[in-house]
Asks: 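Can you keep this structure in mind? I'll have questions shortly.
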Amino acid sequence: MLIRILGAAAGGGYPQWNCHCNGCETVRDGTAKPLTQSSIAVQSEEDGSWFLINASPDIRQQIEAMRGEGCFNLHSGNRSLPFAGILLTDAEIDHTTGLILLRESTAPLNIYSTATVKHALTSGYGILSTLQNYCGVNWAPITPGEIIQLTDELEVEAFALSTKVPKYIQSTEVEVWGIGLTIRDTTTNATLTYAPGMGSLNTDLRKRFENSDCILIDGTFWTNDELPKLGIGARTAQQMGHLPLSGDDGTLSQLANITTRKIFVHINNTNPILISNSPERQTVENTGVEIGYDGLTIKL
Ligand code: MLT
Ligand code: MN
Ligand code: ZN
């Protein structure tokens, strides 16, 4: 299978339109490269079909970048949709807003999500209900622990990752809102684990990472108090469902003994690892974790 990071930034992108943090300013002065918002795509190489995982508000630009690099068959049908299916790991605005930009599709969108996410996107942030009157939606359930066959070559298994409720939903009930996905190529037996919204790490999760050939994981925040300290948000990283990278219990130290190829994605614009030559970026590179970027392609 082929995996492509379409967007390595978290919600808001890099730079974010209204942000003047150090990181955003380094993009504007040309010393750092911009990043679009969180999404990846996976191709089943046998039949050529692509699956989109999360649909960011930057999807139009991301599809054009794929087209520019020859990802799609140039002669595929007039106005056809380049994705055989779209998988959602949560119902967050940055991971779902791109769906509305696909409304011109001539065929219904094949969308996979948990029932909880479907409900949120129907009655809370009504993207799926809206799309019914445009291209239409064929929805299929994702249930943690169950394997879904995407193509002859690719299968996917979801696992629970976070109980963080989207901000637009008023709910105090504790339930799984964010999932991760392990995608297995049955011809090469290689696996990718994608976990863009990781609230905590436990033994099961570490085992899953160890047993994968590559992991694309939550790199949102460097410290827990990153946004409050900059005076641009009240919530801590953990209150937002993201385990910070630094600190004794942070992602970096918890992943230190895992030898799998590790790549951070969903990186917030305030995270100093995005600044060229920052000590934090050096620390990450020295511990053998890669910092994802738009267009990074991995063959497994
Ligand atoms: C998140 O990843 O925590 C969300 O996308 C943040 C948000 O936009 O509410
Ligand atoms: Mn997000
Ligand atoms: Zn910023």
Side-chain angles (χ1 to χ4, degrees), residues 5-40 52-59 62 87-100 113 116-117 120-121 124-125 127 161-171 176-181 194-200 216-245 251 264-276 278 280-281 292 294:
I5 297 181
L6 303 192
Y14 187 53
Q16 179 172 317
W17 66 281
N18 61 347
C19 190
H20 296 281
C21 74
N22 285 341
C24 288
E25 295 297 5
T26 63
V27 184
R28 296 187 183 108
D29 72 20
T31 51
K33 278 203 177 143
L35 299 172
T36 62
Q37 295 168 79
S38 180
S39 176
I40 66 166
L52 179 71
I53 310 185
N54 293 325
S56 101
D58 299 318
I59 193 162
Q62 294 167 343
L87 288 76
L88 303 175
T89 61
D90 55 48
E92 296 292 333
I93 287 178
D94 58 344
H95 279 161
T96 58
T97 297
L99 293 174
I100 217 74
S113 78
T116 309
V117 165
L121 296 178
Y125 179 43
I127 291 188
L161 206 51
S162 154
T163 55
K164 190 242 170 185
V165 186
K167 239 177 146 177
Y168 61 84
I169 298 274
Q170 307 292 316
S171 169
V176 174
W177 276 96
I179 56 166
L181 300 171
Y194 176 54
M198 188 169 71
S200 59
L216 297 178
I217 36 159
D218 187 336
T220 313
F221 295 114
W222 182 251
T223 53
N224 194 39
D225 63 353
E226 191 159 311
L227 295 185
K229 215 168 173 180
L230 288 167
I232 55 181
R235 292 183 301 165
T236 63
Q238 303 225 263
Q239 283 166 346
M240 293 179 73
H242 301 289
L243 185 66
L245 303 189
T251 308
F264 285 135
V265 291
H266 194 279
I267 309 165
N268 199 54
N269 50 66
T270 52
N271 190 330
I273 68 169
L274 291 180
I275 300 175
S276 325
S278 67
E280 294 85 355
R281 191 176 181 95
D294 295 13

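Atoms within a ligand are numbered from 1 in the order they appear, just like the ligands themselves. Bear in mind that the values here come from a model prediction, so they are computed numbers and not experimental data. Side-chain atoms are counted along with the backbone in the values below, which use heavy atoms only and exclude waters and symmetry mates.
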Asks: Could you tell me the residue and atom name of the protein heavy atom closest to atom 3 (O) of ligand 1, and the distance to it rounded to 0.1 Å?
Replies: H242 NE2, 2.8 Å
Asks: To the nearest 10 degrees, calculate the angle at the Zn ion (ligand 3) involving OD1 of N269 and SG of C21.
Replies: 110°
Asks: Identify the residue among L274, D294, I267 that makes a side-chain contact (heavy atoms from CB on, under 4.5 Å) with Y14.
Replies: L274
Asks: Any idea which protein heavy atom is nearest atom 8 (O) of ligand 1, and the distance to it?
Replies: E92 OE1, 4.6 Å
Asks: Ligand 1 versus H95, non-hydrogen atoms closer than 4.0 Å: side chain, backbone, both, neither?
Replies: neither
Asks: Which heavy atom of the protein is the closest neighbour of atom 6 (C) of ligand 1, given with residue, atom name and distance?
Replies: M240 CE, 4.0 Å
Asks: Does a donor on one side chain sit under 3.5 Å from an acceptor on the other, for T89 and N54?
Replies: yes
Asks: Would you find more than 12 non-hydrogen atoms of other residues, nucleotides or ligands less than 6.0 Å from N22 atom CG?
Replies: no
Asks: For D94 and Q37, which I'm curious about, is there any donor-acceptor pair between the side chains at under 3.5 Å?
Replies: no
Asks: Mind telling me whether Y168 and Y125 have parallel, tilted or perpendicular rings, with 30° and 60° as the class edges?
Replies: tilted
Asks: Using 2.8 Å as a strict upper limit, say whether an N, O or S atom of H95 approaches the Mn ion (ligand 2) that closely.
Replies: no
Asks: Just give me the atom name: the N, O or S atom of D94 closest to the Mn ion (ligand 2).
Replies: OD2
Asks: I'd like to know if D94 contacts ligand 1, where contact means a heavy-atom distance under 4.0 Å to any ligand atom.
Replies: yes
Asks: Counting from 1, what ligand 1 atoms have a heavy atom of H266 closer than 4.0 Å?
Replies: 2 (O)
Asks: Please test S38 against H266 for side chain to side chain donor-acceptor pair (under 3.5 Å), starting from the C-alpha separation and ending with a verdict.
Replies: CA-CA 5 Å; S38 180; H266 194 279; 4.8 Å; no
Asks: Walk me through whether H95 and D90 qualify under side chain to side chain donor-acceptor pair (under 3.5 Å).
Replies: CA-CA 7 Å; H95 279 161; D90 55 48; 3.0 Å; yes
Asks: To 10 degrees, how wide is the angle SG (C24) to the Zn ion (ligand 3) to SG (C19)?
Replies: 120°
